[in-house]
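In the text below, chain A, chain B and the rest are named by the order of the sequence lines, each starting its count at 1. Keep in mind the model is a prediction, meaning the values are calculated, not measured.
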Number of protein chains: 2
Amino acid sequence: MAGSAFDMNRAEETAQSPKRLAIVDAATKLFLSQGFGAVSVDAIAAKAQVSKPTVYSHFENKEALFSGVMTGVCERAGGQEACPLANEEAARYMPMNELLQKTGEHVLGVITSPEAIEIFRVVIGEAERFPQLGRNFFEFGPASILEMIGGYISKKSNSGELVVDDPAKAAHYLVGMMVFPVQMGLACGARDPVSKDEISEIVADALKTFMKIYAPR
Amino acid sequence: MAGSAFDMNRAEETAQSPKRLAIVDAATKLFLSQGFGAVSVDAIAAKAQVSKPTVYSHFENKEALFSGVMTGVCERAGGQEACPLANEEAARYMPMNELLQKTGEHVLGVITSPEAIEIFRVVIGEAERFPQLGRNFFEFGPASILEMIGGYISKKSNSGELVVDDPAKAAHYLVGMMVFPVQMGLACGARDPVSKDEISEIVADALKTFMKIYAPR
DNA sequence: GTCTATAAAGGGATAGAC
DNA sequence: GTCTATCCCTTTATAGAC
């Protein structure tokens, strides 16, 4: 019908070709769950309900498809918008301890989510073959988190609420205390997923320790 | 010659078949540098200067070869014997700060070595397909390190040199401060290798912070 | 145990019709 | 852009001689 063709054109305008989206979607799920080598282009085409040449009409080869998919995934995975620290009003008026607690819970929640662990595994596992992907992940992930928290710590040091001579290092200590060894255990499949309650407890403990180091006395 | 046949028999007795060793050696290097999927049995046979059926006469299939190789690598990689804390005399008589510094330098040196990063990448990348490998790595790696340091901290808490209510947590804070984000940066290929001097500095800083938290006042 | 040779399957990628 | 059909190569794994 003419109607459906019209809809298709609309879809292409707003969100590119629907088949391309189906390919990207299928490739994302397969690559994240099995890595680069274990996934065939046949499998991607089948899952996207598309033929193999259609895949190759949108992406030059398997590597390009993988790179494209994973780059997008890394950039979206941070969830920076939802982080309490990203809200300027909150960052100014919420009590420091509460804001750091909420930020820690957000960060740890993102990092320990099953999706993030899948991304972590694939990126680390393929960092040799796709060096740019590893660097990209590091920038959008850990580096970005550290920068955000370091900036806040720096402000609080200037205002006298904390006594810190190296805000970047303080941020890395705080994050290090929170994520180690939980992230490692998850990535190794050596522990069960982390519950909300456990996350709150981990963050509260780390924060208490953090304050022992940096609170003015 | 009869002599060489005799040597071969000797070698088999002391260290199994030399061809098997060549296979394991070649497979180790290839798997660690390229992961499971990117390495073919042909490549392993060629590097070991052996024919493919010889590989299959020693290992049931590629998975078994990979598992065997990686398990051995993980168990040997800890280098527990060389750790200052493993020396009971040193652990008793060396001053605490010096011993923790040396232990930290050893641990961080092992963890950030190119070989360890290779192992880390491969294990994490294949943890989905080889779950036992991931758990094995975690036990022989991070868990073992934490246990060792936690035990020492516990002793020093009993003797009054430290004030610690949860030695395991204190150990994980200390190690977390040391390894994050260095290990992550290396695994992502987002930073250069760590020099001896830098390791000493990282450990010294973390230790200073650790003492701020746990030293008796 | 070790080789040469080969089977059997699956992989990435493309030609050509529509 | 999309499909059917296919090419060609590599891969894992084995048969059979020595």
Please report, rounded to the nearest Å, how far the P atom of D:dA13 is from the CD atom of B:E63. 7 Å
Without decimals, in angstroms, what is the distance between A:F59 CZ and C:dT14 C1'? 18 Å
Ion pair check, B:R92 and B:E88, cut-off under 4.0 Å: yes
Where along residues 23-35 of chain A does a heavy atom fall under 4.0 Å from DNA chain C? none
Who are the side-chain hydrogen bond (donor to acceptor under 3.5 Å, both in side chains) partners of A:E63, not counting sequence neighbours? none
Set out, line by line, the N/O atom pairs under 3.5 Å between protein and nucleotides 2-5 of chain D.
residue : atom : partner : partner atom : Å
D:dT2   : OP2  : A:H58   : NE2          : 2.6
D:dT2   : O3'  : A:K19   : NZ           : 3.2
D:dC3   : OP1  : A:K19   : NZ           : 3.1
D:dC3   : OP2  : A:S51   : N            : 3.1
D:dC3   : OP2  : A:S51   : OG           : 3.1
D:dC3   : OP2  : A:T54   : OG1          : 2.3

Would you check if there is a donor-acceptor pair between the side chains of A:Q80 and A:S144 at a distance under 3.5 Å? yes
Send over the distance from A:K62 NZ to C:dT14 C1', rounded to a whole Å. 17 Å
Assess whether a salt bridge exists between A:E198 and A:R191, defined as any Lys/Arg side-chain N lying under 4.0 Å from an Asp/Glu carboxylate O. yes
Mind checking if B:V39 touches a base, just sugar-phosphate, or nothing, with heavy atoms under 4.0 Å? sugar-phosphate
Given atom CG of A:L21 and atom P of D:dG1, what is their separation to the nearest angstrom? 12 Å
Between D:dT11 atom P and B:N61 atom CG, what is the distance in whole Å? 17 Å
Can you find a side-chain donor-acceptor pair between B:T54 and B:S51 that sits under 3.5 Å? yes
Compute the centroid of each ring, for B:Y173 and then for A:F180, and state whether the two points are separated by less than 6.0 Å. no
A:K196 and A:E201 ion-paired at < 4.0 Å: no
With a 4.0 Å cutoff (strictly under), does any side-chain N or O of B:Y56 reach OP1 or OP2 of D:dA13? yes
In whole angstrom, give the distance that lies between atom CD of A:E60 and atom C1' of C:dA13. 11 Å
Distance check needed: C:dA13 C1' versus A:D42 CG, whole Å only. 10 Å
Side chains of A:F31 and A:I44 in contact at under 4.5 Å (non-hydrogen atoms): yes
Can you give me the closest heavy-atom contact between B:F120 and A:M184, atom names plus distance? CE1-SD, 3.4 Å
